[in-house]
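For reference, the structure discussed in these notes is given below.
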Amino acid sequence: MQTTQVELEVERIAARLGRGLSLEDLDGVLLAYSSHQSSADRVRVNFLLSKKVPADVSAWQVQHGITTAMRPVAVPANPGLGMLGRVCVPLLVRGFRVGYLWVQQDAGEDSAAHILKQLPGVREDVERLAALLLEDNTAGSEHRTRRERVFLAAATGDGQALEECAGWPELDGTAPWHVEVLLDRSTARREEGTDDGTLARRTAALQATVGADVVVFSAGEASHSVLLVRHDAGQAELASIRRRYGERLAAVAGTAGIPLMSGASEPFAAPDGLAGGYQQARSAAQAAVVDPLLGDAVGYRSIGVYQFLAGGGWQASSPRSVYFEELEDYDRNNELLPVLELLFDKNGSVQDVAGQLHLHRSSVYNRLSRVRSVIGADPLSGPVRLELHLALKARRWSRRPRI
């Protein structure tokens with residue numbers, strides 16, 4: 001951490017406000033504090049000693065909306081906690097948060113009105129402090145930014161970038177690897193002036209993998225993050241990394257939760273397998289988005305026919321079956337195709353289909369009969385079943401997110 005610069009900035013803001021300040025990260029860990037503390041309450045004293053916000057204090061603060069706030073928030077006093085009123089200033093850079101600056105009220109103040117009136121006068125100082133934290137985060141640093149660009153270029157087949165990556169010390173003795181793509185389906189509105197989401201995902205990936213030796217490198221794109229992972233990593237550890245990534249991404253985005261899908265490639269033992277691994281992991285993540293039966297975390301070898309569709313490109317991604325087109329045109333209320341696809345997926349088990357769709361088995365048989373009458377063929381016969389099942393999956397694949 002750029003400790004001296006951050007502490008100097010905190011002291012400068014404290015002197016201008018004439019108040020005690022403390023700076024914490026998104027996890028409630030103390031980063032810096034001012035020497036000025038004319039009215040230090042019990043919470044402040046304990047925080048400076050323990051370096052971590054206690055759970056009961058954190059709950060009180062979160063209750064007042066600090067984790068989603070885009071502007072300063074007044075948090076009222078809580079005598080039961082030994083806590084005076086204070087103002088939380090969320091530190092934001094291009095729309096995502098990097099920490100919180102706390103300004104404490106004096107013992108004799110009844111409200112935070114005077115603090116809120118003072119804050120516009122230190123806006124530039126607060127922005128400078130946020131920028132320092134961003135740089136300290138390393139995800140936004142120039143050095144880290146360049147390395148991630150090189151890694152992503154290598155992952156998309158750039159020979160010069162691949163040659164540079166092959167010389168990185170992180171790769172020595174860590175093969176075989178596989179690539180994981182973490183793809184979120186967040187629909188949260190980004191505030192005006194924010195970037196395209198790349199930095200948020202880079203930051204989340206970096207923070208989620210700190211101390212995780214199984215992750216050799218991470219990088220972020222506008223829609224997803226990419227991890228180069230040692231292939232001997234345990235599934236429990238990878239699940240924990242994915243969970244932390246989701247939490248960190250939600251924290252920097254200021255949202256309650258973000259649906260997350262992940263796709264993993266087959267293993268490869270040399271850097272020249274990176275581009276193929278990245279393509280496989282992207283395809284697996286895309287398949288997980290369009291087909292819920294695959295689950296939230298899926299390996300490339302488990303996505304079945306989507307391997308064929310991904311390899312065929314856009315030309316193979318739209319249904320071109322006469323039987324399917326007849327069914328789709330007839331099934332305007334979407335009653336037949338979902339039953340048919342699930343029946344194929346469940347290996348012809350009418351009981352399983354009826355249970356999952358909350359239908360009587362006779363209703364399933366009735367819909368199969370309607371399918372036969374529409375296409376003039378048995379949908380469960382070998383060639384017709386293959387054609388329809390492939391067309392149904394091709395329709396799903398055509399709706400995949402483009403990443």
Side-chain angles (χ1 to χ4, degrees), residues 178-179 181 183 185 223-224 261-266 275-359 361 363-403:
H178 71 261
V179 175
V181 164
L183 174 62
R185 295 189 294 179
S223 60
H224 63 285
M261 306 304 218
S262 71
S265 75
E266 289 291 285
Y278 181 38
Q279 180 59 56
Q280 289 181 352
R282 282 194 304 173
S283 297
Q286 289 170 312
V289 171
V290 299
D291 198 333
L293 287 179
L294 294 174
D296 294 341
V298 61
Y300 181 73
R301 67 168 52 203
S302 301
I303 65 175
V305 72
Y306 294 112
Q307 297 177 50
F308 166 75
L309 295 172
W314 175 250
Q315 288 74 19
S317 298
S318 57
R320 297 174 182 271
S321 157
V322 173
Y323 286 149
F324 181 82
E325 289 177 352
E326 289 177 345
L327 269 178
E328 189 175 42
D329 184 61
Y330 175 85
D331 192 26
R332 299 300 174 86
N333 294 325
N334 207 33
E335 294 179 342
L336 304 183
L337 289 173
V339 170
L340 196 62
E341 182 177 14
L342 191 57
L343 190 66
F344 293 156
D345 290 341
K346 295 295 183 180
N347 201 29
S349 172
V350 171
Q351 183 173 346
D352 288 350
V353 173
Q356 186 164 330
L357 296 180
H358 307 292
L359 295 172
R361 280 184 294 179
S363 296
V364 177
Y365 285 120
N366 176 267
R367 295 185 190 189
L368 273 176
S369 178
R370 289 166 62 191
V371 169
R372 288 189 187 96
S373 67
V374 170
I375 64 175
D378 182 1
L380 300 184
S381 68
V384 178
R385 174 174 177 162
L386 175 61
E387 177 182 334
L388 288 174
H389 203 181
L390 179 57
L392 284 160
K393 296 308 180 186
R395 183 174 68 162
R396 283 190 180 274
W397 184 248
S398 70
R399 298 168 179 170
R400 68 195 181 279
R402 292 340 191 244
I403 61 173

Interatomic distance, Leu183 atom CG to Ile403 atom CD1 [nearest 0.5 angstrom] | 5.0 Å

Residues Arg400 and Asp291 bridged, charged N to O under 4.0 Å = no

Just how far is it from atom CG of Leu337 to atom CZ of Arg367, taken to the nearest 0.5 Å?
-> 11.5 Å

When rounded to the nearest 0.5 Å, the distance separating CD of Gln286 from CZ of Arg402 is 7.5 Å

Quick check: does any side chain N or O of Ser321 sit under 3.5 Å from a backbone N or O of Glu387, one acting as donor and the other as acceptor?
-> no

From Leu340 atom CG to Arg370 atom CZ, the distance as rounded to the nearest 0.5 Å | 12.0 Å

Locate the shortest heavy-atom distance separating Ala281 from Val181; write the atom from each residue and the value.
-> CB-CG2, 3.7 Å

Heavy-atom check, side chain of Val374 versus side chain of Asp331, under 4.5 Å = no

Close side-chain approach of His358 and Ser363, heavy atoms under 4.5 Å = no

If you measure from CG on Leu294 to CG on Asp345, what distance do you get to the nearest 0.5 Å?
-> 8.5 Å

In short, Val290 meets Pro401 closest at the heavy-atom pair CG1-CD, 4.5 Å

Apply side chain to side chain contact (heavy atoms under 4.5 Å, CB included) to the pair Arg395 and Phe324, showing each step before the final yes or no.
-> CA-CA 10 Å; Arg395 183 174 68 162; Phe324 181 82; 3.8 Å; yes

Minimum heavy-atom distance Gly263-Ala284, with the two atoms named | CA-CB, 3.6 Å

Could you tell me whether the side chain of Ser349 and the main chain of Lys346 form a donor-acceptor pair under 3.5 Å?
-> no

Any sub-3.5 Å donor-acceptor pair from Ser369's side-chain atoms to Tyr365's backbone N or O?
-> no

Which distance, rounded to the nearest 0.5 Å, do you find between the CD of Glu266 and the NE2 of His178?
-> 10.0 Å

Heavy-atom side-chain proximity of Val339 to Val353 below 4.5 angstrom = yes

Going through the distances and angles, do Ile375 and Leu388 end up as a side chain to side chain contact (heavy atoms under 4.5 Å, CB included)?
-> CA-CA 11 Å; Ile375 64 175; Leu388 288 174; 4.2 Å; yes

Given side chain to side chain contact (heavy atoms under 4.5 Å, CB included), test Tyr306 with Ser283 step by step and report yes or no.
-> CA-CA 8 Å; Tyr306 294 112; Ser283 297; over 6 Å; no

Side-chain touch Glu341/Lys393, heavy atoms, less than 4.5 angstrom | yes

Answer yes or no: are there more than 12 heavy-atom neighbours, outside Arg361 itself, under 6.0 Å from its atom CZ?
-> no

Nearest heavy atoms of Arg372 and Pro379, plus distance in Å = CG-CD, 3.4 Å

Chi angles and distances behind the side chain to side chain contact (heavy atoms under 4.5 Å, CB included) call for Leu293, Gln356 = CA-CA 12 Å; Leu293 287 179; Gln356 186 164 330; 4.2 Å; yes

Should the ring pair Tyr278 and His224 be called parallel, tilted or perpendicular, given that the plane angle runs from 0 to 90° and is split at 30 and 60?
-> parallel

Side chains of Leu343 and Leu380 in contact at under 4.5 Å (non-hydrogen atoms) = yes

Considering non-hydrogen atoms only, spot the tightest contact between Phe344 and Arg385 and give its length.
-> O-NH2, 3.2 Å

Which atom pair, heavy atoms only, marks the closest approach of Gly277 to Ser265?
-> O-CB, 3.1 Å

